[in-house]
Amino acid sequence: MKLASWNVNSLKVRLPQVLEWLKTAQPDLLGLQETKVPDEHFPSEALRAAGYEVVYSGQKTYNGVAVLSRWSITEMLTELPTLADPQRRVLAVTAAGLRFINLYVPNGQAVGSDKYAYKLDWLAHLRGWLAEELERWPRSIVVGDFNIAPQDQDVHDPQQWHEQVLCSTPEREALQALLALGFADSFRQFPQEPGIFSWWDYRMNSFRRNRGLRIDLILSSAALTRTLTASYVDRGPRGWPRPSDHAPVVAELHFE
DNA sequence: ATGGTCGTGGTACGA
């Protein structure tokens, strides 16, 4: 079983790259973020033709999430039950014998801003909901753009980013509170080279210089962590022409 | 050096 997550920064622009990546990587489940496409314009046909069932929760211009699955999808949910929020950031499905939760966590803009407060509030509501999800589905995977670099080793320049948004202590503590429910950062279940990131700013040749952050994560519940066989970042698409600023992240697992 | 680059939509704004 191959699970993946990719912030595509406009599915309209990136659809050819998604189709190309599906062909070569062949994930069983893929969560997309920042699709930026209203549901009525979602490119369902091209993705179905590639062999995937598709569900989506989108809006114009901002946010938007989708799940592509080689397996049939049931039990779809698009809201944090305790938070009324017009921003389309959540898409949970049951497929392939597991619960697959796809998230686009708020960016937070800057520490102390209104958007930062919204991010922390959103994460608090997320925690309460994930606790319930985990009780109902012990085999749960949470993927997405978390907009949080878990540790300094996930940051190209920890001094530059010290207590900045994406790296601040309250954000990291909110992520740790999610992990404390029983999830593991799948990437850290395996030996990794230093300097592996999943997002690089478009500016200042950040990708060429590998000045990035690892903010795209795949969290596995305890029942699934035992079944992980690999977890990695696929840097390839970040080097393609007109790329997203994020690379896909992948986890592979083997369970009965 | 306080910038820089994208995507959206037709202008600033979000990331």
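Quick note: numbers below take in every heavy atom, side chains included, and nothing from hydrogens, waters or symmetry partners. Because the structure is a prediction, the values reported are computed rather than measured. Quick note on labels: first sequence line is chain A, next is B, and so on, each numbered from 1.
Side-chain proximity of A/Lys115 to the nucleotides B/dG4, B/dG7, B/dG14 is greatest for B/dG14. Nearest nucleotide to the side chain of A/Lys36, out of B/dT8, B/dG4, B/dA15: B/dT8. Picking from B/dG14, B/dG4, B/dG7 the nucleotide with the shortest atom distance to the side chain of A/Met204 gives B/dG4. Side chain of A/Tyr202, nearest nucleotide from B/dA15, B/dG4, B/dC6: B/dC6. The side chain of A/Arg89 sits closest to B/dA15 out of B/dA15, B/dG4, B/dT8. Proximity note for A/Arg242 (side chain, C-beta onward) versus B/dG14, B/dT8, B/dG7: the nearest is B/dG7.
Nearest-nucleotide assignment on DNA chain B puts the 5′-proximal partner with A/Thr35, out of A/Tyr104 and A/Thr35. Residue-to-nucleotide proximity on DNA chain B shows that, of A/Asp245 and A/Asp201, the 5′-proximal contact is made by A/Asp201.
More than 12 heavy atoms of other shown residues, nucleotides or ligands fall within 6.0 angstrom of atom CD in A/Glu163.
When atom types are taken as modelled, the side chain of A/Ser221 and the backbone of A/Pro138 share a donor-acceptor pair closer than 3.5 angstrom. A/Gln17 contributes a side-chain N or O that, together with a main-chain N or O of A/Arg242, makes up a donor-acceptor pair within less than 3.5 Å.
The separation of B/dG4 from B/dA15, taken at their C1' atoms, amounts to 14 Å, rounded to a whole angstrom. Using P as the reference atom, B/dG3 and B/dG7 are 22 Å apart when rounded to the nearest Å.
Summarising the geometry, the separation between CG on A/Asn205 and P on B/dC6 is reported as 10 Å, rounded to the nearest angstrom. Computed from coordinates, the A/Arg14 CZ to B/dG7 C1' distance equals 8 Å when rounded to whole Å. The CD-C1' distance, from A/Glu34 to B/dG7, rounds to 9 Å in whole Å. Taking atom CD on A/Gln160 and atom P on B/dG3, their separation rounds to 15 Å, with Å as the unit. Atom CG of A/Asn63 is separated from atom P of B/dT8 by 13 Å (rounded to the nearest Å). In this structure, OH of A/Tyr62 is placed 5 Å from C1' of B/dC13, rounded to the nearest angstrom. Straight-line distance from the NZ atom of A/Lys60 to the C1' atom of B/dT8: 9 Å, rounded to whole Å. To the nearest angstrom, P of B/dG7 lies 13 Å from NE2 of A/His246.
Cation-pi contact between A/Arg88 and A/Tyr104: absent, since separation from the ring centre below 6.0 Å together with deviation from the ring axis within 45° is not met.
In this structure, A/Met204 is not a member of the same hydrophobic cluster as A/Trp200, with clusters built from ILVMFWY side-chain heavy atoms closer than 4.5 Å.
At B/dT8, one or more side-chain N or O atoms of A/Ser10 fall inside 4.0 Å of OP1 or OP2 (strictly under the cut-off). Neither OP1 nor OP2 of B/dA15 sits under 4.0 Å from any side-chain N or O of A/Arg203.
For the residue pair A/Ser198 and A/Arg214, no side-chain donor N or O sits within less than 3.5 Å of a side-chain acceptor on the partner.
At the heavy-atom level, A/Arg211 lies nowhere under 4.0 Å from the strands shown.
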